[in-house]
Student: 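Have a look at this one.
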Protein chains: 2
Amino acid sequence: MKSKIKVGIVEDQLLFREGIKAILINWDIFEIVFESADGFSVIDKLEKLTDLPDILMVDLSLPPLDKKEYSGLHLTIALAEKFPEIKVLILSVHNDENFMAELIKNGAHGYLVKDCNPLEVYQAIVAIAEKGSYINSRVLKAIQDSMAKKAKPGKKLLTYISPREEEVLKLTCQQFTADEIAEKLFISVKTVNGHRNNLLLKTGSRNVTGLVTFAIRNNIVQL
Amino acid sequence: MKSKIKVGIVEDQLLFREGIKAILINWDIFEIVFESADGFSVIDKLEKLTDLPDILMVDLSLPPLDKKEYSGLHLTIALAEKFPEIKVLILSVHNDENFMAELIKNGAHGYLVKDCNPLEVYQAIVAIAEKGSYINSRVLKAIQDSMAKKAKPGKKLLTYISPREEEVLKLTCQQFTADEIAEKLFISVKTVNGHRNNLLLKTGSRNVTGLVTFAIRNNIVQL
DNA sequence: ACACAAACAGGTATTTATACCTATGCTTTG
DNA sequence: CAAAGCATAGGTATAAATACCTGTTTGTGT
């Protein structure tokens, strides 16, 4: 008999975490060796662990602790660096195509939307354990689309939001005008508008309302 | 021995639904007699059911089917009318105080935030079954605050968004300008701006970004 | 029948946001 | 070193949103 697949779960919503555990228990090939309610402490906790998980299921929309940035994407990047042997399976409520590709590019081995069924969870984990990755057709398409965008030389591709742009975006979502943001960041209004224009381009939005939904979707701001 | 508490679950995310079921199974006083992935069909399904649930757990953020409006709030109102004997326990990811009060006012018997722990789920269901309601301190405070707002005579209270305002709000969130909304709704731009002004007042927002977050928070639009 | 709120429409004025440009100093990366 | 992206700042225009008003019609509830 093969040894069990060691699974870790990083998910802030306790109810959901318990739910996943309860589902995984149905198959006795899984063993839950690690749990965390936030992304912030995961690396530290893993370093103290002797029995590392083979696969870590990570919620994309982890809440930020204090002012620290620690979304599922940040954690994925950190894991790829410090624990490359651990495979990352992303769990997300959203269905953002750009973000799927972004995550896979940054070291995630699979992407599951939270409205999938338990069987798909099973399949995803087994596929990652055996073949190293689980890419369903939807995610595959997202990656291809993302590639296609980059292939086009003319169109400025979304290299994703720069730190400064993210600051402007956050303040914009908090109902601050460009003038107020300029004051807060000690920069010119022109610069703020420049950042906003770049944001509109990068996110493909027409106006600030698009920026707000983008920010919420991608967990740049929390509700 | 007392008879089991019959529980129904209305939740679109299968994984979460399975999770809740898995948790409830831990206590043998619960019996799951009903399940639905959408709010739209719940009333119909219940009418065909002989063994009605005592308590229905309803996800607040149910996705709308087609153009039909069927959020947790709509379902709660419909249930209160057609099946007043079924107690409604709301499950929500958000923590919006106004919405809590609104739901309780419209017939919900309890409100649980999704990041609560399994024990609280147990307590909530048992409390509703035995005492008819489960109001924790946070929800209680929300109701009190909501009451307090209404007590103030001067301040225009949020009588909540009128249907037309909601239409304008939705289109605004979809990045349409006032002109475009006017065209779509066959009304004057002036009227659209009037609705927008009212929305700003009612929601206490400074600009459209505030409207978008309000709409998302209150599930008027989905992500 | 009256009060009230919603939906509608209009006006004026100001403030913000957006669309296009250019341009420079500074990193990072190939 | 060259190329690229970032952050900065500026200009010129127009489009859009917001802050104030006034008013009519219609339907609903008391």
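None of the values given here were measured: they were computed from a predicted structure. Proteins come first, then strands; the chains are lettered A, B, ... in the order of their sequence lines, and each starts at number 1. What's counted below: heavy atoms across the whole structure, side chains too, no hydrogens, waters or symmetry copies.
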Student: With a 4.0 Å cut-off on N to O distance, would you call A/E167 and A/R164 a salt bridge?
Tutor: yes
Student: Strictly under 3.5 Å: I want the nitrogen or oxygen pairs between protein and nucleotides 17-28 of chain C, one per line.
Tutor:
from, atom 1, to, atom 2, distance (Å)
C/dA17, OP1, A/R196, NH1, 3.3
C/dA17, OP2, A/A178, N, 2.8
C/dA17, O5', A/R196, NH1, 3.4
C/dT18, OP1, A/V208, N, 2.8

Student: Measure the distance from CD on B/E167 to C1' on C/dA6 and round it to the nearest whole Å.
Tutor: 13 Å
Student: Is A/R17 close to A/E35 at the side-chain level, that is, under 4.5 Å between some pair of heavy atoms?
Tutor: yes
Student: In this structure, how many angstroms lie between the C1' atom of D/dA15 and the CD atom of B/E180, rounded?
Tutor: 11 Å
Student: What bend angle does the helix from C/dA1-D/dT30 to C/dG30-D/dC1 show across its length, from five-pair end axes and to the nearest 10 degrees?
Tutor: 60°
Student: Looking at every strand, decide which applies to A/H195 at a 4.0 Å heavy-atom threshold: base, sugar-phosphate, or nothing.
Tutor: base
Student: Is any side-chain heavy atom of B/L46 closer than 4.5 Å to one of B/L79?
Tutor: yes
Student: Can you tell me how far C1' of C/dA7 sits from CG of B/L185, to the nearest Å?
Tutor: 11 Å
Student: Output the rounded distance in Å from CD (B/E166) to P (C/dA5).
Tutor: 20 Å
Student: Any chance you could list the contact pattern along nucleotides 9-15 of chain C? Use B for base contacts, S for sugar-phosphate-only contacts and - for none, protein heavy atoms under 4.0 Å, 5' to 3'.
Tutor: BBSB---
Student: For the residue pair B/D54 and B/V7, establish whether any side-chain heavy-atom pair is separated by less than 4.5 Å.
Tutor: no
Student: Which residue pairs pass the salt bridge (Lys or Arg N to Asp or Glu O under 4.0 Å) test when at least one of the two sits in residues 179-195 of chain A, sequence neighbours left out?
Tutor: A/E180-B/R206
Student: What is the separation between atom CG on B/L199 and atom C1' on C/dA7, rounded to the nearest whole Å?
Tutor: 13 Å
Student: What is the distance, to the nearest angstrom, from the CG atom on B/L201 to the P atom on D/dT18?
Tutor: 12 Å
Student: Determine whether B/L211 and B/S205 make a side-chain contact, defined as any pair of heavy atoms from C-beta on separated by less than 4.5 Å.
Tutor: yes
Student: Are a donor atom and an acceptor atom from the side chains of B/S41 and B/D38 found within less than 3.5 Å of each other?
Tutor: yes
Student: Salt bridge (Lys or Arg N to Asp or Glu O under 4.0 Å) with A/R196: which residues, sequence neighbours excluded?
Tutor: none
Student: Name all pairs fulfilling the salt bridge (Lys or Arg N to Asp or Glu O under 4.0 Å) condition that reach into residues 82-92 of chain B, sequence neighbours left out, sorted by first residue then second.
Tutor: none
Student: To the nearest Å, how far apart are B/I181 CD1 and C/dA7 P?
Tutor: 15 Å
Student: Evaluate the side-chain proximity of A/V212 to A/T172: yes if any heavy-atom separation is below 4.5 Å, no if none is.
Tutor: no
Student: Mark yes or no for whether A/D59, through its side chain, and A/V10, through its backbone, hold a donor-acceptor pair below 3.5 Å.
Tutor: no
